[in-house]
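When a residue number appears, it is its place in the shown sequence, counting from 1.
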Amino acid sequence: MLVRLRPVVRATRTADGLHLRGWASSCTITGGSGLWELWRRLEPRLSEGVAPESLGVPEGTAPAVRAAVETILDQLRDHDMLVSMPEPWGAGGPAPDVAAWLESVAADPVDAWRRLRAGVVTMTGNGLLADAAVRSAEAVGLRVHRAAGPSDELLLSTGTLVVQAGSGAEAGYVLPAREGFTSFNTEVINRIAARLGLTGDPGEVLAALVGAAAVHRLTCAVTGLADAPEQDHGFPVVLVARTGPLRSAYHPLLTGPPRPFSLDALTDRELGPVETPELGPLPQVPVNLALSGDALGIGTTADEARLRAALNAIKCDGVLGVDDLHARGAALRLAARYVPGEPAEPGEWTTGRTARRWWKALTLRFGRPAVVDVRKLAEDAYRAEVRQGQRVLAWAVEVTAADAVAFAALAAAAHAQAGRDGTAHVQGFGPDEDKLQRALELLPGVRVSPLSLDPELTAAGLVAYTVDER
């Protein structure tokens, strides 16, 4: 057994050391220009292979050189740039390029090769896509059984592992490997095809990319190798390929049980159900604005505006939120909008700095001759309405009068800034949210109920409530 440098590792000289790049990580080692010369001597030996007991620094080596070599070896180990390999592969080993790939990425290349050779891959499909997948599988060294399918959809299976792929003339997809044929149902497949606009048959180039990618995903699943890059949202990822120019990238698929809310997954450009919120040509001072389709989002930050634009763009019979507390709060505010309440004292909001800021933005910066009506609905619940004549420009329900005026004035200023008509509303979400909701749910006639959502929105972590009729 020999310890070898993975074939994928590359080094670049720096002003005071070297930079190493591997399959999935990189590191920079500093300590002087002599590190590069030391690397040039180490690299040939490590590439050929060194017995584990010889992987060290010879006795009598100068302390500075010993420290430098140990530092390099430690970094190579820490960043998985060394691999243990028999020498040579032996009879029945992979082709040179396949061997180099396994040595570059597998923890145990020999075991990974055994797994690849242990089973037979069944290819079900027709046309150029299936042809390309068969060629790729055979090039890797897989044993292939080809079966005609009822459609041009491509299915690759070995044992219980299945990979599904499909392609039109301009776009194609490859699903992650899963256990069993029912992992992704017809509804999910049809949704992907519709979002990507799959029509027509792929040309040879796109078919080759999608077919090879399908084989790669199955190969990674069989050998236990990393497939898609790490995704912090936790959704399965689909490889999407397109022409003009030819390209491919991984995209999240909203399916399965609910996960923590991810705006990026919900508004993914390829597979998300909501148009990606854009700041575009909208003015961004003093309020941040974003558009998701025609839906306007308002916020004090760009991220907040993008989130609200996405939520406003979703067609739903209820009120949406990114979790139960958020959605319930939105519904309770809507239910309490027309509760009469008692007039609040001006001093309860005129001293609020944020309320004054947005009121000045509306009346001075945008020149709107507005008035505000503030009502106390309960001990910890106030409603503010900003009006221009008989028209309500904006409203808000919050835990204090100052907060209610601040959010109502912010919403009205945002509409003025965007040149929008209609009545604006922005929901606050601060540390006193629980207190506000407890106060609102005790008001006469204020009732809300949970609402079931489409499975795709549920998977995204969204929650909805409806306002019950009085």
[Y] side chain reached by [X] side chain, heavy atoms, under 4.5 Å:
{"X": "R438", "Y": "D380", "result": "no"}
{"X": "V210", "Y": "Y173", "result": "no"}
{"X": "I314", "Y": "L266", "result": "yes"}
{"X": "V463", "Y": "L451", "result": "no"}
{"X": "R191", "Y": "P273", "result": "no"}
{"X": "R337", "Y": "V392", "result": "yes"}
{"X": "T219", "Y": "W101", "result": "yes"}
{"X": "L291", "Y": "L296", "result": "yes"}

Supply the atom-to-atom distance [X] [atom1] to [Y] [atom2], rounded to the nearest 0.5 angstrom.
{"X": "T458", "Y": "L453", "atom1": "OG1", "atom2": "CG", "value": "5.0 Å"}
{"X": "S25", "Y": "H79", "atom1": "OG", "atom2": "NE2", "value": "5.5 Å"}
{"X": "D268", "Y": "L254", "atom1": "CG", "atom2": "CG", "value": "8.5 Å"}
{"X": "I298", "Y": "E304", "atom1": "CD1", "atom2": "CD", "value": "10.0 Å"}
{"X": "M81", "Y": "S26", "atom1": "CE", "atom2": "OG", "value": "6.5 Å"}
{"X": "Q164", "Y": "S157", "atom1": "CD", "atom2": "OG", "value": "10.5 Å"}

Hey, is the main chain of [Y] close enough, under 3.5 Å, to the side chain of [X] for a donor-acceptor pair?
{"X": "R77", "Y": "L82", "result": "no"}
{"X": "T400", "Y": "D403", "result": "yes"}
{"X": "S136", "Y": "V215", "result": "no"}
{"X": "R10", "Y": "P7", "result": "yes"}
{"X": "S33", "Y": "D16", "result": "no"}
{"X": "R6", "Y": "D80", "result": "yes"}
{"X": "H216", "Y": "A212", "result": "no"}
{"X": "E385", "Y": "V372", "result": "no"}
{"X": "N185", "Y": "V188", "result": "yes"}
{"X": "R217", "Y": "A177", "result": "no"}

Under 3.5 Å, is there a donor-acceptor pair linking the side chains of [X] and [Y]?
{"X": "H19", "Y": "T12", "result": "no"}
{"X": "E348", "Y": "Y382", "result": "yes"}
{"X": "T71", "Y": "D74", "result": "no"}
{"X": "E275", "Y": "S292", "result": "no"}
{"X": "E433", "Y": "Q437", "result": "yes"}
{"X": "T301", "Y": "N288", "result": "no"}

- [ ] Identify which one of R242, R195, H251 satisfies the side-chain hydrogen bond (donor to acceptor under 3.5 Å, both in side chains) criterion when paired with E270.
- [x] R242

Hey, are [X] and [Y] close enough for a salt bridge, meaning a charged N less than 4.0 Å from a carboxylate O?
{"X": "R383", "Y": "E398", "result": "no"}
{"X": "R115", "Y": "D111", "result": "yes"}
{"X": "R259", "Y": "E456", "result": "no"}

Please determine whether the number of non-hydrogen atoms from other residues, nucleotides or ligands lying under 6.0 Å from atom [atom1] of [X] exceeds 12.
{"X": "W23", "atom1": "CH2", "answer": "no"}
{"X": "E70", "atom1": "CD", "answer": "yes"}
{"X": "R247", "atom1": "CZ", "answer": "yes"}
{"X": "E187", "atom1": "CD", "answer": "no"}

Return the minimal non-hydrogen interatomic distance between [X] and [Y], and the atom names on each side.
{"X": "A409", "Y": "W359", "value": "CB-N, 3.8 Å"}
{"X": "V83", "Y": "A106", "value": "CG2-O, 4.0 Å"}
{"X": "G172", "Y": "L198", "value": "N-CD2, 4.2 Å"}
{"X": "V8", "Y": "S104", "value": "N-OG, 3.2 Å"}
{"X": "A112", "Y": "L102", "value": "CB-CD2, 4.1 Å"}
{"X": "L289", "Y": "L279", "value": "O-CD2, 3.2 Å"}

- [ ] Evaluate the side-chain contact (heavy atoms from CB on, under 4.5 Å) criterion for residues L225 and D227: first the C-alpha distance (whole Å), next the side-chain angles of each, then the deciding distance (0.1 Å), finally the verdict.
- [x] CA-CA 6 Å; L225 299 177; D227 174 15; over 6 Å; no

Task: Partners meeting side chain to side chain donor-acceptor pair (under 3.5 Å) with R375 (sequence neighbours left out) - done: D373

Task: All side chain to side chain donor-acceptor pair (under 3.5 Å) counterparts of D324, not counting sequence neighbours - done: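 D324 satisfies side chain to side chain donor-acceptor pair (under 3.5 Å) with Y465 only.
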
- [ ] On the 0 to 90° scale, with breaks at 30° and 60°, tag the H425-W395 ring pair as parallel, tilted or perpendicular.
- [x]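 Geometry flag for W395 against H425: parallel rings.
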
Task: R365 and Q417: CA distance, side-chain angles, deciding distance, side-chain contact (heavy atoms from CB on, under 4.5 Å) verdict - done: CA-CA 9 Å; R365 185 184 184 100; Q417 181 176 314; 5.7 Å; no

- [ ] Evaluate the criterion side-chain contact (heavy atoms from CB on, under 4.5 Å) for residue pair T300 and V287; output intermediate values, then yes/no.
- [x] CA-CA 6 Å; T300 56; V287 188; over 6 Å; no

Open item on the list: L263 vs F261, test: side-chain contact (heavy atoms from CB on, under 4.5 Å). Steps then yes/no.
Closed with: CA-CA 7 Å; L263 180 62; F261 176 75; 3.9 Å; yes

Open item on the list: Just to verify, what does E379 make a salt bridge (charged side-chain N to carboxylate O under 4.0 Å, His left out) with, not counting sequence neighbours?
Closed with: K376

